[in-house]
Amino acid sequence: MMPGIPEPEADAQAHSARLRQLIQEQIIAAGGAIPFWKFMELALYAPGLGYYSAGAHKFGAGGDFVTAPELSPLFSATVTDALAPVLKQLGIDAVFFELGGGSGAFAHACLEALRDLDALPARYAILEPSADLRTRQRARLEAALDADLFARVEWLDGPIQEPWQGVVFANEVIDALPASRFVIRQGQVLEEGVALDGEGRFVRSEQPADAMLAAEVRRIEGQLDAPFADGYRSEVLVQLPYWVQAVVGGLQRGALLFIDYGHPRSEYYLPERDDGTLRAYRQHRMTADVFAWPGLQDITASVDFTALAEAGVGAGFEFAGYCTQASFLLGNGLAQRLAPAEAGAANDAARHALRQQVKRLTLPSEMGERFQCLGFQRGVEFEPAFALGDLSHRL
């Protein structure tokens, strides 16, 4: 049991036990171990059982974590202010494509802001792999939006394959992609896996890395100041270039915006960060025990923003900019959004709440520097959105 976190209710424990059994069966069928990325994929996305596939409440104060769109509509409106000029450059046929719609909070605030800015896209498409979250998003947006706005919303089962133009937005998506784990042993690259001990509990295992993982680890190592020390363990998203190419689909012109927590490569693989960035969240508490209560806790790894920059450029996009979330929000008018929100607040308590939201979004000790923003462009101008505090030299 995690310190300070109550044990799950009996029905939740039973749900977790079913997913645990499924993963155990996969390990046995694979000959005794599966790669860590496969464990993470099952724990998060196994149909009907994985953390993001089942029905447990995840977002907000009553869930396991709070994302920026749930924290404040000011976040969503300010991000919209940054992307609206791109949509206006593209014209009336533009598509706004959101990856992983969360609770629907971002889409709600974004569509209303785009209407006010006279920058509505022809379609607002959401790619949401979780059937449960898709249902919740649809219910929220149908209740909150007027008929014209809701009519523009659609849920997709995959990326847009036909030629299209628009923007791709992903907030806290890449951190939830199943990550490979590696460890250095006597100068060799091994892959971390998940096996079972004598009582059926999940334990770490190690096996020789395949050629693709080993080559990527060596390529990263060659860009660092020193080789990885013996026993060094961390994560790498070998599939990230292919994932970026897949999600943009047939995008001809437009911009990509990714917001997540992470580091440029030189900081991600610091010598002292020798067990990587992997962790889990349940009921707003973090734990290093990613094997506890599968299906009931989020599992996440920080983003290597250098890898993301490489992936976007490799997919044929021009790098637009990289900065902290605080710089991005302040540079795109967060203060200007706050002023009318305060003026329209019902009372002093509501005004105080708005200021607290802004502090959480921008303070270095909160989300301001832990979260970073990275953008790409193709046939449009998106660079101005990163004019304040550009950190591309750190990539």
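Please read these numbers as outputs of a predicted model, since none were measured by experiment.
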Would you call [X] and [Y] a side-chain contact if the rule is heavy atoms closer than 4.5 Å?
X: Arg138; Y: Phe150; value: yes
X: Arg265; Y: Leu224; value: yes
X: Gln188; Y: Pro208; value: no
X: Phe75; Y: Gln357; value: no
X: Leu308; Y: Leu395; value: no

Answer yes if the side chains of [X] and [Y] hold a donor-acceptor pair under 3.5 Å, and no otherwise.
X: Gln377; Y: Glu318; answer: yes
X: Ser234; Y: Arg273; answer: no
X: Tyr261; Y: Thr300; answer: yes
X: Tyr268; Y: Glu235; answer: yes

Could you tell me the separation between the [atom1] atom of [X] and the [atom2] atom of [Y], rounded to the nearest 0.5 Å?
X: Glu25; Y: Leu42; atom1: CD; atom2: CG; answer: 11.0 Å
X: Leu237; Y: Trp243; atom1: CG; atom2: CH2; answer: 9.5 Å
X: Gln252; Y: Trp164; atom1: CD; atom2: CH2; answer: 10.0 Å

Inset, instruction - Hey, could you give me each pair passing side-chain hydrogen bond (donor to acceptor under 3.5 Å, both in side chains) that has a residue in residues 334-356? Not counting sequence neighbours. - result: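 Pairs touching residues 334-356 that pass the test: Asp81-Arg337, Glu342-Arg355, Asp348-Arg351.
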
Any sub-3.5 Å donor-acceptor pair from Thr306's side-chain atoms to Pro264's backbone N or O?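 Such a contact is absent between Thr306 side chain and Pro264 backbone.
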
* Decide if atom CD of Gln186 counts as having more than 12 heavy atoms of other residues, nucleotides or ligands within a radius under 6.0 Å. =>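 Incorrect, the count does not exceed 12.
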
Just checking Asp197: does its CG atom have more than 12 heavy atoms from other residues, nucleotides or ligands closer to it than 6.0 angstrom?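 Yes, because the 6.0 Å sphere around CG of Asp197 holds more than 12 heavy atoms from other groups.
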
Apart from Trp37 itself, which Ile, Leu, Val, Met, Phe, Trp or Tyr residues share its cluster (side-chain heavy atoms under 4.5 Å, direct or through members)?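 None, because no other hydrophobic side chain comes under 4.5 Å of this residue.
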
Check this for me: does any side-chain nitrogen of one of [X] and [Y] sit under 4.0 Å from a carboxylate oxygen of the other?
X: Glu192; Y: Arg204; result: yes
X: Arg115; Y: Asp146; result: yes
X: Asp275; Y: Arg181; result: yes
X: Glu366; Y: Lys359; result: no
X: Glu206; Y: Arg233; result: yes
X: Arg253; Y: Asp93; result: no

Centroid-centroid under 6.0 Å between Phe258 and Phe305 rings:
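Aromatic pair excluded; centres sit 6.0 Å or further apart.
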
Centroid separation Phe386 to Phe328 less than 6.0 Å
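Here the rings of Phe328 and Phe386 have centres that are less than 6.0 Å from each other.
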
Can you name the residues that form a side chain to side chain contact (heavy atoms under 4.5 Å, CB included) with Ser392, not counting sequence neighbours?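 Applying side chain to side chain contact (heavy atoms under 4.5 Å, CB included) to Ser392 gives Phe319, Asp390.
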
